[in-house]
Amino acid sequence: MKKMKVDEVLNTNIWDVDSKPHIVVDYEKCRRLCNKKACVYLCPAGCYTLTGGEILFSYEGCVECGTCRVICPHEAITWNYPLSGRGVQYRYG
Ligand code: SF4
Ligand code: SF4
């Protein structure tokens, strides 16, 4: 089997997006409390972006790694797995 790079493997994933977001961000905490906004730099799927100093979040491409939940210093993230069978589906484990 041909060796694949990590980004090639991730590009094989598919998503069955849950209509209900499985991650909810408290933007008020982001705005008031957070200077470093580490989620923007550490989310491997690029779900967090910074626009005009404000956090924008989209859950659709989330790979459910849990990084944002662990690294957020202000408990601004409510995190649950998507409903059973929804969310990311890995093709290579
Ligand atoms: S690290 Fe937490 S508080 Fe800071 S911007 Fe990201 S979600 Fe908001
Ligand atoms: S769980 Fe991982 S992929 Fe999903 S939003 Fe958080 S850091 Fe990004």
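All figures in this text were calculated on a predicted structure; none of them were measured in a lab. Atoms within a ligand are numbered from 1 in the order they appear, just like the ligands themselves. Heavy-atom basis, side chains included; hydrogens, waters and symmetry copies ignored. Heads up: numbering here begins at 1 and tracks the sequence.
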- prompt: Which ligand 1 atoms, with their elements, are less than 4.0 angstrom from a heavy-atom of Pro73?
  reply: 1 (S)

- prompt: In the protein, which heavy atom is nearest to atom 3 (S) of ligand 2, and how far is it?
  reply: Val63 N, 3.3 Å

field: Atoms in ligand 2 with a heavy atom of Trp79 nearer than 4.0 Å
entry: 1 (S)

- prompt: Could you give all pairs that pass the salt bridge (Lys or Arg N to Asp or Glu O under 4.0 Å) test and reach residues 76-90, with sequence neighbours left out?
  reply: Asp16-Arg86, Asp18-Arg86

message: Is it the case that the side chain of Lys37 and the backbone of Cys30 share a donor-acceptor pair, with hydrogens and angles ignored and the cut-off at 3.5 Å?
response: yes

query: Would a distance-only check, ignoring hydrogens and angles, find a side-chain to backbone donor-acceptor pair under 3.5 Å from Tyr90 to Val63?
result: yes

query: Where the closest heavy atom to atom 1 (S) of ligand 2 is concerned, which of Gly46, Gly87, Gly66 has it?
result: Gly66

Within-2.8 Å protein N/O/S contacts of atom 6 (Fe) of ligand 1: Cys39 SG

query: What protein heavy atom sits nearest atom 4 (Fe) of ligand 2, and how far off is it?
result: Cys62 SG, 2.3 Å

field: Minimal non-hydrogen separation, Ile77 against Cys68, with atom names
entry: CD1-O, 3.3 Å

- line: heavy-atom search around atom 8 (Fe) of ligand 2 in the protein gives Cys43 SG, 2.3 Å

query: What salt bridge (Lys or Arg N to Asp or Glu O under 4.0 Å) pairs are there with at least one residue in residues 53-81, not counting sequence neighbours?
result: Arg31-Glu54

- request: Indicate the atoms forming the closest heavy-atom contact of Tyr48 with Cys43, along with that distance.
  value: CD1-CB, 3.8 Å

Over all atoms of both residues, closest heavy-atom pair of Ile23 and Trp79: CD1-NE1, 3.4 Å

- request: Just jot down the side-chain contact (heavy atoms from CB on, under 4.5 Å) partners of Lys5, sequence neighbours excluded, or say none.
  value: Asp7, Glu8

message: For atom 2 (Fe) of ligand 2, what is the closest protein heavy atom, and at what distance to 0.1 Å?
response: Cys65 SG, 2.3 Å

- prompt: Is there a donor-acceptor pair under 3.5 Å between the side chain of His74 and the backbone N or O of Lys29?
  reply: no

